[in-house]
Amino acid sequence: MLSRQFQTLRHLQKSTTTTHLLQLQALILKTALDRDEFFISKFIQSSSSVSIEFTRLFFDSLLPLDPPPPIFAFNTIIREYSKSSSPLESVKLFSQLQRVGLKPDKFTYPFVLKSCGWCSVIGVGGAVHSLVVKMGFDSDRYVGNTLLRMYSGCGTIGFARQVFDEMCERDVVSWSSMIAGYVACNCPLDALMVFQSMKLVNQNPNSVTLVSLLSACTRLLNIRIGTSIHSHVIVNNIKLDVALGTALLEMYSKCGRIEVALQVFSSLEEKNLQSWTIMISGVADHGRGEDAISLFTQMEENGLKPDSLSFSGILSACSHLGLVEEGKRYFDQMVNTYGIKPTMEHYGCMIDMLGRAGMIEEAYRVIKSMPMEPNSVILRSFIGASKNHGEVNCLDENLRKLLLQIEPDLGGNYVLAACVSSVSENWNDVASLRDAMKGRRLKKAPGCSWVEVNSASSGEIIQPAVG
DNA sequence: CTAGGGTTAG
């Protein structure tokens, strides 16, 4: 029997089509392997990489059996669905297993909760949470940690925090998940405060924790804490893997230390698409367009395929450096060679680039060719360029109106609109400008509400003081 | 005879 299983599984490894899989299914039925719990799970696991749909058909054919498929088989297919493009199927299977009289175990919950977080279905996730508590699985660390992630994946960080606070034991994963959750919902200061508590209970951060902390520093533009994390890495001999290295070079780059970022970048043993892209955007943001182009070429030579964000970096470099021909070439390459659909940001770079170069008509043609309505950044850039190049007379009035319509609360837009409006209109009249803005509350620039603490003993990760 | 949780660009 064992050799038969082995043989069938080896066939499975070679299977690439559903026809092969159907032949295998016939074989399984003939040899009664569908009664073998161990085999079924292995089969589900391997065949779902070929086709999850087929795997489901196979699994459904087992459902009417008596006894029903073992919980292990359910867990396996639920896990496979949580990794697939239709994670909601794992939720359906979760209720189905209860309908055939089986009880979810401590492995079932993490898989189904992962799907809930992925699909952002807080309703289902909450229901599963109640079940977790009712069945007494809330003391399981894995279950607790996936609950936390489910809530933060659903954008409900308060619930995530509540799960975290009520956990009876927290490990480094719980702390890292909580910190990552705060970073993801754009509360980097809360992330640092969680880390402060983490130090108080003597829980050591690992490299995953540090990646999230660096991300928090990047958002706060806090080079001091970022640097202290770097020294912690060096003092504690923590390996600079791709994730940590990329987070570190991003922190330096976004905080204006482009030279240090380049140093970290070149010291990385392994670089992935993200490392290259962040480095390219970094030098581009520092006005070093030639370096961006050279890095982009090196990246392609290293066999990496640029994605949508890589092109954002290189296009913004072209725009800042006024490299119109290169920019057009990259845009064309993106669409025609790599088949990437341009986003608002890509169009923004092109329009900005053409506008700065005084190619107003061509920039206008790009706006008209966009499949979506231009956003305020693009409109401001284009209207500003028209003004700077003295081409306000042929400006499309609709674009000017559109800007005030989609972003009526930004005062500067009225100034810009007034500058490019024809004299016959009354935008230049202060009274009517005030009238147009009546009742509008203008946006204030965000301020920094906290003060740094100055204590940089090496290896010690410093903390912000909350003001 | 088997399985589970956390990380990076906007």
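Below, read A as the first sequence line, B as the second, and so on, with proteins coming before strands; counting in each chain starts at 1. Values reported hereafter were calculated over all heavy atoms of this structure, with side chains retained and with hydrogens, waters and symmetry mates removed. If you're wondering where the values come from, they're calculated on a predicted model, not measured in any experiment.
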Visitor: When you check the phosphate oxygens OP1 and OP2 of B:dG10, does a side-chain N or O of A:Lys254 lie under 4.0 Å from one of them?
Guide: yes

Visitor: Give A:Gln274 one of three labels, base, sugar-phosphate or nothing, depending on what nucleic acid heavy atoms sit under 4.0 Å from its own.
Guide: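 Base: the residue A:Gln274, judged by heavy atoms under 4.0 Å, touches a nucleobase.
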
Visitor: Do the side chain of A:Asn206 and the base of B:dG6 come within less than 3.5 angstrom through a donor-acceptor pair of N or O atoms?
Guide: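 It does, because a donor-acceptor pair links the side chain of A:Asn206 to the base of B:dG6 below 3.5 Å.
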
Visitor: Identify whether any heavy atom of A:Thr146 sits under 4.0 Å from a base atom; if not, whether one sits that close to sugar-phosphate; answer base, sugar-phosphate or nothing.
Guide: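 A:Thr146: backbone/sugar contact only, no base atoms under 4.0 Å.
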
Visitor: Under 4.0 Å, counting only non-hydrogen atoms across every strand here, what does A:Glu345 touch: a base, just sugar-phosphate, or nothing?
Guide: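 The answer is nothing, as A:Glu345 stays clear of every strand by at least 4.0 Å.
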
Visitor: Cation-pi between A:Lys271 and A:Phe265: NZ/CZ under 6.0 Å from ring centre and within 45° of the ring axis?
Guide: yes

Visitor: Starting at CG of A:Leu248 and ending at P of B:dT8, how long is that distance when rounded to a whole Å?
Guide: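 For the pair A:Leu248 CG and B:dT8 P, the rounded distance is 15 Å.
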
Visitor: Please confirm whether any donor atom in the side chain of A:Ser177 sits under 3.5 Å from an acceptor in the base of B:dG6, or the reverse.
Guide: no

Visitor: Rounded to whole Å, please give me the gap between NZ in A:Lys42 and P in B:dC1.
Guide: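 It works out to 13 Å between those atoms.
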
Visitor: Would you confirm whether the ring centroid of A:Phe195 sits within less than 6.0 angstrom of the ring centroid of A:Trp175?
Guide: no

Visitor: Is there a donor and acceptor pair, one atom on the side chain of A:Asp140 and one on the base of B:dG4, closer than 3.5 Å?
Guide: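 Such a pair exists between side chain and base.
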
Visitor: Figure out the CZ/C1' separation between A:Phe74 and B:dT2, and round it to whole Å.
Guide: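 Rounded to the whole Å, the gap is 17 Å.
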
